[in-house]
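Because the structure is predicted, anything quoted here is derived from the model rather than measured.
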Amino acid sequence: MNYAALLRLPAYAALVAALLLNAGCATTQGVQGSAADDEYDPLEGFNRAMYSFNENVDKAVLKPLATGYKNVVPQPARTGVANFFNNLSYPIVILNDFLQGKAEQGADDLMRLIINSSFGLFGFLDVATPGGLPAHKEDFGQTLGYWGVADGAYIVLPFFGPSNVRDTFGLAADIYTDPLTHHDDISQRNWAWGIRAIDNRSRLLSAGRILDEAATDPYSFTREAYRQRRASQIRDEETTSQQQDFRKDE
């Protein structure tokens, strides 16, 4: 099983959570049927089919595993696991800080990584945030957007979910620079990818329920949520508190 592909499955839940944190920037009536949507989503037939495929895989595999994980593992332990994986992937954030010319933020994020990796017991404890070094979210898709690369067509990737042409190239760079990708022990790497995927999904169970209740067309709602959130991230409009709430274990 390709656990790496499960890391963002299903992406719709994360997007809905972020959209709700932005206080309802879109409504279910305002995300479908326009000429702009036709230009942004020229592959809608393929994308809807892929969206349904991802939904079915999630319902059959990942959601049941995530539900069991949340029911069995105590919340403090789940928080520690989330902190560990966030810290492990933080070199990607730091690299993109500097690629975007955010030298001061990059220096702060490097210090955050050092503090949490040492005093935070390899990242299981987040001691940097209370110390005034909040987490940031940067990736290669954001970096490309920061330097003016256009979105391109909207694409729903198998397993990974919502994306676009620019962010698909960024995703490939994210995976390549992920420290887990270069871990030599394949068995350990696969287990780590699997645990990270299940932990990520467990923290988005509530968001999935909100989507089911709020959207008459979940596909269109998800597409617009992705588009708005990525634009917000590239413009650095998503606040630190929103980023932290988005990762919070409910």
If only atom types and distance count, is the side chain of [X] paired as donor or acceptor with the main-chain N or O of [Y] below 3.5 Å?
X: Arg78; Y: Val73; result: yes
X: Tyr69; Y: Ile198; result: no
X: Thr181; Y: Thr177; result: no
X: Asp151; Y: Arg166; result: no
X: Ser232; Y: Gln228; result: no
X: Asn86; Y: Ala82; result: yes

Side chains of [X] and [Y]: does their closest heavy-atom pair fall under 4.5 Å?
X: Tyr226; Y: Asp167; value: yes
X: His136; Y: Lys102; value: no
X: Ser117; Y: Ile114; value: no
X: Tyr51; Y: Asn47; value: no
X: Leu43; Y: Tyr154; value: no
X: Phe122; Y: Leu88; value: no

To the nearest 0.5 Å, what is the distance between [atom1] ([X]) and [atom2] ([Y])?
X: Leu205; Y: Lys70; atom1: CG; atom2: NZ; result: 5.5 Å
X: Asp41; Y: Ser220; atom1: CG; atom2: OG; result: 8.0 Å
X: Trp193; Y: His183; atom1: CH2; atom2: NE2; result: 10.5 Å
X: Asn87; Y: Asn116; atom1: CG; atom2: CG; result: 5.0 Å
X: Asp126; Y: Leu133; atom1: CG; atom2: CG; result: 9.5 Å
X: Leu95; Y: Phe140; atom1: CG; atom2: CZ; result: 4.0 Å

Hey, is CZ on Phe169 packed in by over 12 heavy atoms from elsewhere, all under 6.0 Å? no
Is the number of heavy atoms from other residues, nucleotides or ligands within 6.0 Å of CZ (Phe53) greater than 12? yes
Derivation and outcome, side-chain contact (heavy atoms from CB on, under 4.5 Å), residues Ile155 and Asn164: CA-CA 5 Å; Ile155 303 171; Asn164 55 47; 5.6 Å; no
To check you understand the geometry: which heavy-atom pair defines the closest contact between [X] and [Y], and what is its length?
X: Asp199; Y: Ser202; result: O-OG, 2.7 Å
X: Ser89; Y: Pro179; result: CA-CD, 4.4 Å
X: Pro64; Y: Asp58; result: CD-O, 3.6 Å

Could you please spell out the steps behind the salt bridge (charged side-chain N to carboxylate O under 4.0 Å, His left out) verdict for Lys137 and Asp139? CA-CA 7 Å; Lys137 175 70 175 74; Asp139 57 53; 2.8 Å; yes
Check step by step if side-chain contact (heavy atoms from CB on, under 4.5 Å) holds for Asn54 and Asn56. CA-CA 5 Å; Asn54 288 342; Asn56 290 332; over 6 Å; no
Could Arg223 and Tyr40 be counted as a cation-pi pair, given that NZ or CZ must be under 6.0 Å from the ring centre and within 45° of the axis? no
Both conditions, 6.0 Å and 45 degrees, for the charged tip of Arg112 above the ring of Tyr90: are they met here? yes
Treat each ILVMFWY residue as a node, draw an edge where side-chain heavy atoms are under 4.5 Å apart, and state whether [X] and [Y] are in one component.
X: Leu113; Y: Leu99; value: no
X: Phe84; Y: Ile195; value: yes
X: Leu125; Y: Phe119; value: yes
X: Val57; Y: Val156; value: yes
X: Ile234; Y: Leu144; value: no

Option among Ile94, Asn96, Asp236, Asp97 that satisfies the side-chain contact (heavy atoms from CB on, under 4.5 Å) test with Gln105: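 Between Gln105 and the candidates, side-chain contact (heavy atoms from CB on, under 4.5 Å) is satisfied uniquely by Asp97.
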Is it true that Gln142 and Gln100 share a donor-acceptor pair across their side chains at a distance under 3.5 Å? no
Charged N to carboxylate O under 4.0 angstrom, Asp178 versus Arg196? yes
Quick test of your reading of the model: are Arg189 and Asp184 salt-bridged, counting only N-O distances below 4.0 Å? no
Trace of the side-chain contact (heavy atoms from CB on, under 4.5 Å) decision for Phe221 with Asp217: CA-CA 6 Å; Phe221 190 91; Asp217 183 2; over 6 Å; no
